[in-house]
Amino acid sequence: MSRIRPADDATLTEAGRLLRDGVLVAFPTETVYGLGGDATSETAVAGIFEAKGRPRFNPLIVHVPDADAAARLVEMDTRARVVAEAFWPGPLTLVLPRRADSGLSLLVSAGLDSVAVRVPAHPVAQGLLRAAGRPVAAPSANRSGAISPTRAAHVAESLGERVALIVDGGPCSVGLESTVLDLTTPAATILRPGAITAADLEPLIGPVAESGGEGQDADPAAPKSPGQLLSHYAPDRPVRLNATAAHPGEALIGFGGTEGAEADLSPSGDLKEAAAALFATLRALDRAPFTGIAVAPIPDEGLGRAINDRLKRAAAPRS
Ligand code: TXA
Ligand code: MG
């Protein structure tokens, strides 16, 4: 059984310690319960994907206690400052350019140059973030495909022993995930609708477009317009999958001790370790003298499905 504990000072202190140790902790926000992990640790973030059973590495929201903490992770332009001033803390997530010195995991933003940040209003989330003393990545605290939890008991039902501690802060007041607003382009775009609407934002920053968005794991069958898909990280060099050896010029990425590999995602064949190493390894080998990247077969089970999904996108023909 997962441990559900009331959100008192002792629990928050322990939650902070667990997070700093790379352990996952579920906690309430005003929207839904989040499954939190240290956003600066590739291994903790890989653990979030493992616990959720997500078949994909969608980028996760990074939670911080205030706008100053956000500004240490992302570039905040005037629009970002204006909406942050108006709606933080609260159910608004901003997608902004990632700072080179953010210290964030690459997996948390799925290799992209942008990061989604949010300052939750719930006092328990605030207490937990201050106790952790570092940014916390947190998708909704449910198995992939299940409904987002708005009570501690829902988290226990969905995730069971996959989460070390569930901080109980009672039912969530909003009950719907935060609005995701993309400010990486001149045209502000809502990627995921939520409690804060375009009509709320437009008086402050002008026209706001609305897109169908992607990554709402409760509705994998929702139709998606290709023009609205979230962009994906891909290396500049061509990627070849299920390779047993490198062709001339290629760097070979191995798994489980592949012979002749330039780098091995996990010499012992551990999928969580491989997930944690994936983006850093692709980036490190996307350089001269290599003309391509070959990747050894990865078992298509557990986290391996998300790794293979990402690799297939990286290997897809580009326009
Ligand atoms: O209310 C919420 O936002 C909850 C609570 C726990 O805070 N969290 C949540 O997190 O829903 P998550 O990770 O499940 O939602 C991530 C959403 C997805 O729609 C994802 O595609 C988008 O944010 N997103 C994250 N990073 C992004 C990025 N760099 N670019 C575009 N979209 C991004
Ligand atoms: Mg969710």
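Atoms within each ligand, like the ligands themselves, are counted from 1 in listed order. Because the structure is a prediction, the values reported are computed rather than measured.
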I need the atoms of ligand 1 closer than 4.0 Å to a non-hydrogen atom of Ser114, numbered in the order shown. 28 (C), 29 (N), 30 (N)

CA sep, side-chain torsions, deciding dist, call: Glu50, Arg162, salt bridge (charged side-chain N to carboxylate O under 4.0 Å, His left out): CA-CA 9 Å; Glu50 183 177 54; Arg162 296 179 182 89; over 6 Å; no

Donor-acceptor pair, distance only, cut-off 3.5 Å: does the side chain of Asp286 make one with the backbone of Asp236? yes

Looking at Leu285, is its backbone amide N or carbonyl O close enough to the side chain of Glu262 to form a donor-acceptor pair, meaning the two atoms are under 3.5 Å apart? no

Between Arg98 and Leu112 (side chain of the first, backbone of the second, donor and acceptor by atom type, cut-off under 3.5 Å), is there such a pair? no

If you measure every N/O of Asn58 against every N/O of ligand 1, is any gap under 3.5 Å? no

Contact (N/O only, under 3.5 Å) between Thr31 and ligand 1: yes

Pairs of nitrogen or oxygen atoms closer than 3.5 Å, one from Glu177 and one from ligand 1: do any exist? no

Test your reading of the model: is there a side-chain donor-acceptor pair from Lys52 to the backbone of Ser140, 3.5 Å cut-off? yes

Verify, without hydrogens or angle tests, whether Glu250 (side chain) and His247 (backbone) share a donor-acceptor contact under 3.5 angstrom. yes

Heavy-atom contact under 4.0 Å between Arg54 and ligand 1? yes

Whether Asn142 has an N, O or S atom under 2.8 Å from the Mg ion (ligand 2): no

Quick one: does Asp182 get within less than 4.0 Å of ligand 1, heavy atoms only? no

Treating Arg134 as the side-chain partner and Ala39 as the backbone partner, does any N or O pair qualify as donor plus acceptor under 3.5 Å? no

Looking at Leu278, is its backbone amide N or carbonyl O close enough to the side chain of Arg283 to form a donor-acceptor pair, meaning the two atoms are under 3.5 Å apart? no

Atom indices of ligand 1 within 4.0 angstrom of Ile61 heavy atoms, with elements: 3 (O), 8 (N), 9 (C), 10 (O), 13 (O), 15 (O), 16 (C), 23 (O)

Could a heavy atom of His63 be found less than 4.0 Å from some atom of ligand 1? yes

Consider ligand 1: state whether an atom of it lies below 4.0 angstrom from any non-hydrogen atom of Leu191. yes

Side chain, backbone, both or neither: which part of Ser178 has a heavy atom under 4.0 Å from ligand 1? both

Go through ligand 1 atom by atom and flag the ones less than 4.0 Å from a non-hydrogen atom of Val180. 23 (O)

Check: Ala121 main-chain N/O paired with Glu30 side-chain donor or acceptor under 3.5 Å: yes

Contact between Ala138 and ligand 1, counting heavy atoms under 4.0 Å? yes

